[in-house]
Asks: 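Here it is, the structure in full.
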Amino acid sequence: MLDEKAKKTMLRKIPHGLYICGVKNGEEINGFTVSWLMQTSFKPPLVINGVKRDSGSHEIVKESGVFSISFLDSEQKDLAAKFFKPQRRVGNKLADVEFYSGEETGCPIISDSLGYIECKVVNALEEGDHTIYVGEVIGSGVHRQGEQLLLENTGWQYGG
Ligand SMILES: Cc1cc2nc3c(=O)[nH]c(=O)nc-3n(C[C@H](O)[C@H](O)[C@H](O)COP(=O)(O)O)c2cc1C
């Protein structure tokens with residue numbers, strides 16, 4: 001038996017960081033807040049990134065096969081809040097945020113983040129309402145020191 005309440009309680013205990021996933025396809029760029037991200041291989045270095053199927057960014061990653069991940073610091077909750085709104089509703093989320101294009105993928109990287117990785121999609125699993133994109137890390141950089149923004153410290157939930 002699946003106890004709905006217990007399932008939600010337990011799934012919400014899985015710890016997560018909060019990141020901005022940068023996407024680009026041709027001239028189109030976007031970014032969105034992501035928490036369902038983790039490393040899954042040392043060699044080659046792989047991460048998995050769970051991307052909501054009905055988000056604007058999903059189509060962009062599907063077509064371009066690349067994404068970036070900018071690591072936020074614990075004081076950048078406002079930035080995470082800005083990027084969890086859909087582009088189709090709020091327009092260009094990157095308009096007033098300083099960013100640059102990643103050398104390997106061209107995807108937007110938040111300049112004031114702790115650092116970043118750039119990924120090339122090597123596989124995708126379209127199961128449920130999010131697609132698991134398996135990304136090989138093909139670029140990375142550290143911008144500065146700092147404490148990482150964690151979902152559990154924001155009071156927000158994404159899971160259950
Ligand atoms: C705390 C939090 C965590 C989130 N984590 C994810 C995630 O891991 N994957 C995802 O696809 N969307 C996640 N989202 C939702 C996206 O940020 C949201 O769907 C966004 O509007 C997509 O933007 P876009 O339509 O401009 O691509 C999260 C939202 C919040 C509030």
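Order of listing sets the numbers, starting from 1, for every ligand and every atom in it. The first residue of the sequence shown is numbered 1, and numbering continues consecutively from there.
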Asks: How about Glu59 and Asn25: does a side-chain donor come under 3.5 Å of a side-chain acceptor?
Replies: no
Asks: Looking only at heavy atoms, is any part of Asn30 under 4.0 Å from ligand 1, and if so is it the side chain, the backbone, or both, or is it neither?
Replies: side chain
Asks: Which heavy atom of the protein is the closest neighbour of atom 16 (C) of ligand 1, given with residue, atom name and distance?
Replies: Thr33 O, 3.7 Å
Asks: Are the side chain of His16 and the backbone of Ile14 linked by a donor-acceptor contact shorter than 3.5 Å?
Replies: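 Here the side-chain-to-backbone pair exists.
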Asks: For the residue pair Lys52 and Trp36, would you count it as a cation-pi contact if the rule is NZ or CZ under 6.0 angstrom from the ring centre and within 45 degrees of the ring axis?
Replies: no
Asks: Do the charged groups of Glu63 and Lys24 touch, with an N to O distance under 4.0 Å?
Replies: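 Salt bridge flag = no for Lys24 with Glu63.
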Asks: For ligand 1, is there an N or O atom under 3.5 Å from any N or O atom of Leu18?
Replies: no
Asks: Backbone, side chain, both or neither: what part of His58 comes under 4.0 angstrom of ligand 1, heavy atoms only?
Replies: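 None of His58 does.
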Asks: Please write down residue, atom name and distance for the protein heavy atom closest to atom 27 (O) of ligand 1.
Replies: Ser57 OG, 2.5 Å
Asks: What protein heavy atom lies closest to atom 11 (O) of ligand 1? Include the residue and the distance to one decimal.
Replies: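 Checking every protein heavy atom, the shortest distance to atom 11 (O) of ligand 1 gives Lys52 N, 2.6 Å.
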Asks: May I ask you to check whether His143 and Phe71 place their ring centres under 6.0 Å from each other?
Replies: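 That pair fails the under 6.0 Å test.
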Asks: Can an N or O of Gly56 be found at a distance shorter than 3.5 Å from an N or O of ligand 1?
Replies: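 In this structure, Gly56 places an N or O atom under 3.5 Å from an N or O of ligand 1.
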Asks: Write out the residue and atom name of the closest protein heavy atom to atom 22 (C) of ligand 1, then the distance separating them to 0.1 Å.
Replies: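 The closest one turns out to be Phe32 CB, 3.6 Å.
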Asks: Is Trp156 in polar range of ligand 1, meaning some N or O pair under 3.5 Å apart?
Replies: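 Such a contact does not occur with ligand 1.
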Asks: For ligand 1, which part of Leu151 has a heavy atom less than 4.0 Å away: the side chain, the backbone, both, or neither?
Replies: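 Near ligand 1, Leu151 shows its side chain, while the N, CA, C and O stay back.
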Asks: Considering heavy atoms of the protein only, find what lies nearest to atom 9 (N) of ligand 1 and give residue, atom and distance to 0.1 Å.
Replies: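 For atom 9 (N) of ligand 1, the nearest protein heavy atom is Gly50 O, 2.8 Å.
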Asks: Tell me, which pairs form a salt bridge (charged side-chain N to carboxylate O under 4.0 Å, His left out) where one or both residues lie in residues 2-21, sequence neighbours left out?
Replies: Glu4-Lys7
Asks: Main chain of Glu98, side chain of Ser111: is a donor-acceptor contact present, judged purely on distance under 3.5 Å?
Replies: yes
Asks: What part of Phe84 sits under 4.0 Å from ligand 1 if we count only heavy atoms: the side chain, the backbone, both or neither?
Replies: both
Asks: In this structure, is the centre-to-centre distance between the rings of His58 and Phe32 below 6.0 Å?
Replies: no
Asks: Would you check whether Ser35 has a nitrogen or oxygen atom less than 3.5 angstrom from a nitrogen or oxygen atom of ligand 1?
Replies: yes
Asks: If you measure every N/O of Pro86 against every N/O of ligand 1, is any gap under 3.5 Å?
Replies: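 Pro86 vs ligand 1: N/O contact under 3.5 Å present.
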Asks: Is Gln39 reaching over with its side chain to a backbone N or O of Ser41, donor-acceptor style, under 3.5 angstrom?
Replies: yes
Asks: Of the non-hydrogen atoms in Glu103 and Glu118, which two are nearest, and what is the gap between them?
Replies: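 Glu103 and Glu118 have their closest heavy atoms at N-OE2, 3.5 Å.
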Asks: Tell me the nearest of Gln87, Lys93, His16, Arg88 to atom 23 (O) of ligand 1, using heavy-atom distances.
Replies: Lys93
Asks: What is the closest protein heavy atom to atom 12 (N) of ligand 1, and at what distance does it sit?
Replies: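 Here the closest protein heavy atom is Tyr158 OH, 3.3 Å.
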